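Reminder, nothing fancy here: chain letters follow the sequence lines and each chain counts from 1. Keep in mind that this is a model prediction, so the values were computed, not measured.
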Amino acid sequence: MPQETTTNIDPAALLDAAFRTAIATALEEPDGDFDPVIRVAQNPEFGDYQCNAAMAVAKQRQLKPRDLAERIIEAVDLGDLAEPPEVAGPGFINIRLKPEALGSMLESIDEQGLGLPQPGEGHSIAVDLCGVNVAKQMHVGHLRSTIIGDAIARLHERLGWTVHRENHLGDWGLPIAMTLTALRDAGTDLRSLELEDLNTAYRDAQLSGKPDRRGLEGAHANGCGPHRIIELEEQNAGSDEAITRAKDTLIKLQSGDAALVDDWNAIIDCTMREVFDTLAMLNVKIGPEHNRGESFYKDILPEVVEAFIAAGLGIEDDGAIVVRFEDRDRPLLIRKSDGGFLYATTDLAAIRHRVRTLDSDRLVYVVDARQRDHFKDVFGAAHLIGWDRTEKDVQSDLHHLPFGAVLGKDKKPLKTRSGENFTLRALLEEAIERGSKEVIARSEDEHAPTHGATEEELRAIGRAVGIAAVKYADLSSGVVKDYVFDLDRMIAFEGDTGPYILYAHARICSIIARGRAAGLSSEDAPFKITTPEERRLAIALLRYRRTVTETTDQLEPHRLCGYLHELANQYSAFYQACPVLKADDEATRRSRLRMCDLVRRTLEDGLDLLGIEAPERM
RNA sequence: GCCCCGGUAGCUCAGUUGGAUAGAGCAGCGGACUUCUAAUCCGCAGGUCGAAGGUUCGAAUCCUUCCCGGGGUGCCA
């Protein structure tokens, strides 16, 4: 993606363009197009960047790699960007940027948008996230979908996309009908419904359905893995009788029974009040306006199935309607033999809505990795019928972003002491409590900038620290893997953690405040890159643009996390080695202060893309 | 049975899509504070990249087979 190669913003892009041309010249092919394989140098002794194309191209052309590399550096025109490149090893080309070039590039990214492009303009994305179920409290299972989804949404927004956050609530179907039945049996007044009542009703509904105790015991006895055990514990397999009654309720609800519809709305309201409370703790941009539950699609499900049948893709099999695929035996069931619809049917309706009505050319489903096969099939079916193309016939990219499980320290599903599932609220409250404790303890030191702050201020900082710890820990490792929820490790103020990055940010705020107090302005100060620490910090800053675009393209938030950690780390090294306010001359003080400001804004912006707030003091 | 995911330092994890001596953090050891916030920084030590073959100038990365762990697998979501 060598876009905007003429803008003075991204060294990698500039080098890419220069070496692309140089390779063509060296090969005497004016119109040749070869990937120059520009990479950040791994080792400072190799310079800042390297071009690794010579070996591969030489092999393809039966040339000697080193000779070709020599010809390339002969041909390349780097202007004032870099020192003359050098050939090393089997044909690597090492590149060292000129300090003046670094300064002028920093100049270019030192603007409101930090040099980020807007490739999403004219594009729309729908992000399926959160995925709460009505009548159930949020638990750890919702944590990842919510914060990863929110980060994906924020990244796209930042790059100019129109973003639709889709909270695909489980607000329809048998489980809801069972809960409604249980509530009515208990004679609960739904106008004053409390979460507690709802929990009880849900549990009663489960009990009346005789959960599969035997299966669960068997799973433990056979040493089944955590996923299987979660599944069985959450299983809501019911007795025939309870299910029959729930089906009656569902039919009445479906036909618009006014009293039932009122009750249904009441339990949704009750659930969502609690959900939005919890989401507020998490600092995610998800509100009632993003609700679009299963019930939204309920009336078009027959039409979905009919469309597949009409296209010859929906085949009757054993009384059910299935979609078959060429490359696998497993079919996708879209209508049961009793005429009922399945979640696959709803998901197909949702795809059509998101692609056609919302006009999204990218769909991302932030859903548990266990649903891989399901999404493969649903996407496959959508593709067969052509619902993955927009009204303007643009191919939409459909992605399932599968994430792993959150486990306890024993590597088994996370439980409270009493053996119950952790509610998300309880988990977050504990994190906030821990964060507050640490912040308050620190503030007792009379040299601490937070010394003398009010209890309220300290708690606000503690909240930010606790939530940052949880979110960073979740987002910073690859999304597909399971991870162990270990608050001690997450909240540690040293190492690759959220608080570490927050700390770097707070230190910069402090230095800027002192600079301002001393009447020092960094505005329009020329960047002077002299020390190795300044150099490394400059290059780190210049990598922000590419990091954000790649993180967004690849849907890998942990890349941005890794970047922010490295930037914070480079800053700390710079901070240690390069006095800012105490530098010898004014030009250096101003240059360094401006650099501090740029780092601060980059950290703040990057953290914001992850949904993490950065306090000014801690 | 079939399909999918994972296996990298004592622990937790990266590894820029095939590049140089495989990198971070934690834990361990040794240094640096009358602080522009030491919640930090610098250094040392730590590896059969699950195993064996193969592809090539070059493999943690691609191919094949196998081992271990986890997940999924037709009318739940």
(request) Could you list all the salt bridge (Lys or Arg N to Asp or Glu O under 4.0 Å) pairs where at least one residue sits in residues 563-586 of chain A, not counting sequence neighbours? (result) K528(A)-D585(A), R543(A)-E566(A), E586(A)-R589(A)
Where the side chain of [X] is defined as all heavy atoms beyond and including C-beta, which of [options] is the nearest nucleotide?
{"X": "Q576(A)", "options": "G19(B), U37(B), C41(B)", "value": "C41(B)"}
{"X": "L333(A)", "options": "G74(B), C13(B), U12(B)", "value": "G74(B)"}
{"X": "Y500(A)", "options": "U40(B), C36(B), G7(B)", "value": "U40(B)"}
{"X": "H558(A)", "options": "G25(B), A14(B), U37(B)", "value": "A14(B)"}
{"X": "D373(A)", "options": "U37(B), G72(B), G74(B)", "value": "G72(B)"}
{"X": "Q50(A)", "options": "G19(B), C76(B), U37(B)", "value": "G19(B)"}
{"X": "V580(A)", "options": "C36(B), U16(B), G7(B)", "value": "C36(B)"}
{"X": "H565(A)", "options": "C13(B), A24(B), C4(B)", "value": "A24(B)"}
{"X": "R324(A)", "options": "C42(B), C36(B), G74(B)", "value": "G74(B)"}
{"X": "R370(A)", "options": "U16(B), C42(B), G71(B)", "value": "G71(B)"}

Paired with [N]: which nucleotide, if any, by Watson-Crick or G-U wobble criteria at under 3.5 Å for both distances?
{"N": "U56(B)", "value": "none"}
{"N": "G6(B)", "value": "C68(B)"}
{"N": "U73(B)", "value": "G1(B)"}
{"N": "C41(B)", "value": "G31(B)"}

Using a heavy-atom cut-off of 4.0 Å across all strands, would you classify [X] as base, sugar-phosphate, or nothing?
{"X": "N133(A)", "value": "nothing"}
{"X": "R507(A)", "value": "base"}
{"X": "E294(A)", "value": "sugar-phosphate"}
{"X": "A88(A)", "value": "base"}
{"X": "P499(A)", "value": "nothing"}
{"X": "V322(A)", "value": "base"}
{"X": "A504(A)", "value": "nothing"}

Starting at atom [atom1] of [X], determine the distance to atom [atom2] of [N], rounded to an integer number of angstrom.
{"X": "H447(A)", "N": "U40(B)", "atom1": "NE2", "atom2": "C1'", "value": "16 Å"}
{"X": "D327(A)", "N": "C2(B)", "atom1": "CG", "atom2": "C1'", "value": "14 Å"}
{"X": "F46(A)", "N": "U16(B)", "atom1": "CZ", "atom2": "P", "value": "18 Å"}
{"X": "Y563(A)", "N": "A24(B)", "atom1": "OH", "atom2": "C1'", "value": "17 Å"}
{"X": "H400(A)", "N": "C4(B)", "atom1": "NE2", "atom2": "P", "value": "16 Å"}
{"X": "D368(A)", "N": "C5(B)", "atom1": "CG", "atom2": "C1'", "value": "12 Å"}
{"X": "R39(A)", "N": "G19(B)", "atom1": "CZ", "atom2": "P", "value": "7 Å"}

Under a 3.5 Å cutoff, is there a donor and acceptor pairing between the side chains of [X] and [Y]?
{"X": "Y503(A)", "Y": "R507(A)", "result": "yes"}
{"X": "D496(A)", "Y": "Y472(A)", "result": "yes"}
{"X": "D171(A)", "Y": "S295(A)", "result": "yes"}
{"X": "N569(A)", "Y": "Y500(A)", "result": "yes"}

(request) Report yes or no: is there a donor-acceptor pair, N or O only, under 3.5 Å between the side chain of N94(A) and the base of A20(B)? (result)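 Pair found.
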(request) Please state whether the base of G74(B) and the side chain of D317(A) form at least one donor-acceptor pair under 3.5 Å? (result) yes
(message) I'd like to check the side-chain hydrogen bond (donor to acceptor under 3.5 Å, both in side chains) partners of N133(A); sequence neighbours left out, ordered by chain and number.
(response)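 Not a single residue meets the side-chain hydrogen bond (donor to acceptor under 3.5 Å, both in side chains) criterion with N133(A).
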(message) Under 5.5 Å centre to centre and under 30° between planes: does that hold for Y575(A) and the six-membered base ring of C36(B)?
(response) yes
(request) Would you mind building the protein contact string for nucleotides 54-60 of chain B? One character per nucleotide, 5' to 3', B for base within reach (heavy atoms under 4.0 Å), S for sugar-phosphate only, - for untouched. (result) ---BB--
(message) Taking the P atom in each of U61(B) and A45(B), what is the distance between them to the nearest angstrom?
(response) 27 Å
(request) Check the surroundings of atom NZ in K247(A): do more than 12 heavy atoms from other residues, nucleotides or ligands lie under 6.0 Å from it? (result)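 No.
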So does [X] get a side-chain nitrogen or oxygen closer than 4.0 Å to the phosphate oxygens (OP1/OP2) of [N]?
{"X": "S510(A)", "N": "U37(B)", "value": "yes"}
{"X": "K376(A)", "N": "G72(B)", "value": "no"}
{"X": "Q371(A)", "N": "A77(B)", "value": "no"}
{"X": "R489(A)", "N": "C11(B)", "value": "no"}

(message) Under a 4.0 Å threshold between the charged nitrogen and the carboxylate oxygen, would D488(A) count as salt-bridged to K409(A)?
(response)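 Here K409(A) pairs with D488(A) in a salt bridge, since their nearest N and O are under 4.0 Å apart.
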(request) Determine, for R535(A) against D48(A), whether the closest basic-nitrogen to carboxylate-oxygen distance falls under 4.0 angstrom. (result)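 Salt bridge flag = yes for D48(A) with R535(A).
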